[in-house]
Amino acid sequence: MSNFFAYINRLKLIGRWGLMRSHINENVLEHTALVAQIAHGLAVIKNKFFGGNVNAERVAVIALYHDASEVITGDLPTPIKYFNMELNSAFKDLEDKASEKLLNMLPSELAQEYKDIMLPCTLSEEYKIVKSADKLSAYIKCIEEVNSGNKEFTKALKATETALKKSELPEVKYFLDNFIKGFTVTLDEMD
């Protein structure tokens with residue numbers, strides 16, 4: 001018996017933004033779905049408009065599992081995770097060990113297949129796209145919170161926007177220029 005997928009399902013129990021007062025609660029499973037959708041879109045944009053040759057479906061799958069380790073570690077708030085390089089390195093090691101624990105729950109015939117997804121090369125184009133999608137998801141969360149009157153996210157909104165504008169990936173700029181505005185308007189304004 002393998003508990004791998006039962007553990008993954010529990011991502012819905014892991015709350016995000018633990019240090020922030022949120023008007024809209026978000027769990028890791030919801031976040032993962034949005035990151036996968038955005039990552040897939042970024043890969044398609046890269047291929048269609050910027051001469052890329054990445055496998056958009058693989059990018060989406062990597063995104064689906066990008067925070068799987070948090071079912072074991074929890075979602076560590078960004079200010080803590082990036083407090084200093086030593087702490088960030090230790091937490092990255094903890095995330096990798098948590099991913100390995102999950103991988104060990106799989107039959108050996110499947111473990112290697114999932115290892116390449118859950119522990120991708122951090123220098124790969126696919127990984128960079130997923131990290132950008134993760135940042136875009138955080139930006140969207142900040143937009144939603146600030147638009148609902150929650151000043152708690154004002155600083156995070158500005159910091160995330162600044163980081164995204166520095167992105168070297170042209171597909172990120174394209175996404176910002178063509179899709180972000182939709183997250184700032186009401187449903188009636190979308191029509």
Does [atom1] in [X] sit with more than 12 non-hydrogen atoms of other residues, nucleotides or ligands closer than 6.0 Å?
X: F4; atom1: CZ; result: yes
X: N53; atom1: CG; result: no
X: E86; atom1: CD; result: no
X: E168; atom1: CD; result: no

Counting N and O atoms only, with roles assigned by atom type, does the side chain of [X] sit under 3.5 Å from a partner on the main chain of [Y], one being a donor and the other an acceptor?
X: N3; Y: A6; answer: no
X: E30; Y: K12; answer: no
X: S148; Y: E145; answer: yes
X: N47; Y: V54; answer: yes
X: D67; Y: E70; answer: no
X: S89; Y: M85; answer: no
X: T186; Y: E189; answer: yes
X: K101; Y: S69; answer: no

Kindly give the heavy-atom pair with the smallest separation between [X] and [Y], and that separation in Å.
X: W17; Y: D75; result: N-OD2, 3.5 Å
X: T32; Y: A63; result: CG2-O, 3.5 Å
X: E26; Y: S137; result: OE2-OG, 4.4 Å
X: A56; Y: H40; result: O-CD2, 3.4 Å
X: S99; Y: M118; result: O-CE, 4.0 Å
X: I14; Y: V71; result: CG1-CA, 4.2 Å

With E152 via side chain to side chain donor-acceptor pair (under 3.5 Å) - residues at least two apart
R21

With D96 via side chain to side chain donor-acceptor pair (under 3.5 Å) - residues at least two apart
K92

Any donor-acceptor N or O pair under 3.5 Å, side chains E100, N104
no

Parallel, tilted or perpendicular: ring planes of F179 versus Y174, cut at 30 and 60 degrees
tilted

Going only through I, L, V, M, F, W and Y residues with side-chain contacts under 4.5 Å, is there a path from V59 to Y127?
no

hydrophobic_cluster_shared for L169 and V44, side chain cutoff 4.5 Å
no

Does anything in residues 41-52 pair up under salt bridge (charged side-chain N to carboxylate O under 4.0 Å, His left out), and if so which pairs, sequence neighbours excluded?
K46-E125, K46-E171

